[in-house]
Amino acid sequence: INCGVPGHVLKQHVSLYFNYLKNIKSENIIIMFGFNDMVNCFMGRNYEGIINEHFTIKTQQLYDEPIKSSLKTILSQVLIFFGLKKYVFNKILKKKILKRNEKFDDMNISIDNYLNDIKKEITFFQNFCDRFNIKLHLILQPSLYVTKKNFSTYEKRRFDEWNLIPNRKFYVENFYKKIDHLLSNFNSYYNFSNCFDNEKDTIFIDECHYGDRGSLIVSDLLSKIIK
């Protein structure tokens, strides 16, 4: 059963299981994650409050400023319609990152703290799965930032666009290096970040999502894991 939810981080995957999937008899559980957690860490969000933080803020804004919030929602849909939302989001994000003026050492501390919470989460879930004879498989998902594949023209254009955000590439590479080291301590861990390295055609449609060809490659790798 595919129960993945777009945009979820690890904490939300685990919460989803205990709230909705726990009673389904399972022999294997596969969690593919990494990039969304990196984004949340990069944005300075707290791992412990990640489930409720964004929802609570949005709900409060709707209550306090209903007209302003509604206009923001309408503007967002207009930008999506004209294909401009990503461009505007990147401009705003770039301004925020420059204003934060975070040093490399501070970034590494933020990553280490975030990954320490991830380690606790996985350890807890791994112990639960072991108790009920469930095989937990952890997959580090591919990303345009860490793949060694030769970019297609489209992928190069997308990479250059997102790489305009200050420190983004440094952050992703460091996060992936550190989380790979962390996850390698668990029994059934697979790093898929290099699974597209030999592909010449376009695979990625954005920073971490891939098209049909990429889905076939990942599906084949997953089928081998659970055989």
Side-chain angles (χ1 to χ4, degrees), residues 1-43 45-59 111 113-144 146-147 172 175-176 178-196 203-227:
I1 301 174
N2 182 1
C3 298
V5 178
H8 268 193
V9 296
L10 176 66
K11 188 176 185 70
Q12 291 168 308
H13 288 311
V14 175
S15 176
L16 177 71
Y17 175 79
F18 283 108
N19 282 292
Y20 299 101
L21 308 172
K22 185 179 175 182
N23 293 325
I24 299 175
K25 184 174 176 57
S26 306
E27 294 182 1
N28 294 277
I29 294 176
I30 298 174
I31 301 181
M32 181 183 289
F33 71 107
F35 193 83
N36 288 335
D37 278 287
M38 183 286 301
V39 170
N40 279 284
C41 185
F42 183 69
M43 297 295 287
R45 294 170 183 159
N46 183 287
Y47 182 84
E48 287 301 319
I50 203 68
I51 291 179
N52 297 318
E53 186 179 72
H54 187 68
F55 176 77
T56 302
I57 292 173
K58 287 293 184 182
T59 303
I111 293 172
N113 290 336
Y114 195 97
L115 292 181
N116 186 51
D117 286 332
I118 281 184
K119 180 180 179 181
K120 294 176 185 176
E121 194 84 65
I122 296 175
T123 301
F124 161 75
F125 197 40
Q126 179 74 71
N127 289 337
F128 170 86
C129 290
D130 290 345
R131 180 182 174 188
F132 292 96
N133 297 316
I134 301 170
K135 186 72 172 179
L136 175 63
H137 306 277
L138 303 169
I139 313 291
L140 182 59
Q141 71 185 109
S143 166
L144 190 64
V146 295
T147 184
V172 180
F175 190 94
Y176 263 69
K178 288 173 179 286
I179 197 172
D180 176 52
H181 177 72
L182 166 66
L183 296 176
S184 64
N185 293 305
F186 291 90
N187 294 332
S188 186
Y189 162 60
Y190 304 87
N191 187 342
F192 279 16
S193 62
N194 62 352
C195 69
F196 302 139
I203 296 291
F204 291 95
I205 58 175
D206 60 20
E207 293 169 297
C208 63
H209 297 101
Y210 37 85
D212 291 343
R213 173 62 182 159
S215 296
L216 286 172
I217 294 171
V218 169
S219 297
D220 183 58
L221 290 172
L222 291 176
S223 68
K224 293 175 181 177
I225 289 173
I226 60 175
K227 276 185 178 179

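- Closest approach of Cys129 to Leu136, counting heavy atoms only: SG-CB, 4.0 Å.
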Just do the side chain to side chain contact (heavy atoms under 4.5 Å, CB included) check on Leu183 and Ile122 with the steps written out, would you?
CA-CA 9 Å; Leu183 296 176; Ile122 296 175; 3.3 Å; yes
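- The environment of NZ in Lys119 is sparse: at most 12 heavy-atom neighbours from other residues, nucleotides or ligands sit within 6.0 Å.
- Between Tyr210 and Phe196, the two ring planes are perpendicular [angle over 60°; tilted spans 30° to 60°].
- Summarising the geometry, atom CG belonging to Leu140 is positioned 13.0 Å from atom CD1 belonging to Ile31; distances are rounded to the nearest 0.5 Å.
- The shortest heavy-atom contact between Ile205 and Gly211 is CG2-N, 4.1 Å.
- Of all the heavy atoms in Val9 and Asn40, the pair that sits closest is CG1-ND2, 2.9 Å.
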Given Phe124 and Phe128, is the ring pair (Phe, Tyr, Trp, His ring centres under 6.0 Å) satisfied, shown in steps?
CA-CA 6 Å; Phe124 161 75; Phe128 170 86; 7.1 Å; no
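- Side-chain contact between Ile179 and Asp37 is absent, with no heavy atoms from C-beta onward closer than 4.5 Å.
- Distance CZ/Phe35 to CZ/Phe42: 10.0 Å, rounded to 0.5 Å.
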Between Leu182 and Lys178, does the side chain to side chain contact (heavy atoms under 4.5 Å, CB included) criterion hold? Intermediate values first, please.
CA-CA 6 Å; Leu182 166 66; Lys178 288 173 179 286; over 6 Å; no
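- When all heavy atoms are compared, the tightest approach of Met32 to His13 is O-NE2, 4.1 Å.
- Rounded to the nearest 0.5 angstrom, Ser143 OG and His209 NE2 are separated by 10.5 Å.
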What verdict does the side chain to side chain contact (heavy atoms under 4.5 Å, CB included) test give for Leu221 and Phe192, after you've listed the backbone C-alpha separation in whole Å, the side-chain angles of each residue and the deciding distance to 0.1 Å?
CA-CA 9 Å; Leu221 290 172; Phe192 279 16; 3.6 Å; yes
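- Exactly one residue among Asp180, Val39, Leu115, Val146 makes a side chain to side chain contact (heavy atoms under 4.5 Å, CB included) with Phe175. That residue is Leu115.
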Quick one, Phe125 with Leu10, criterion side chain to side chain contact (heavy atoms under 4.5 Å, CB included). Give me CA distance, side-chain angles, the key distance, then yes/no.
CA-CA 11 Å; Phe125 197 40; Leu10 176 66; over 6 Å; no
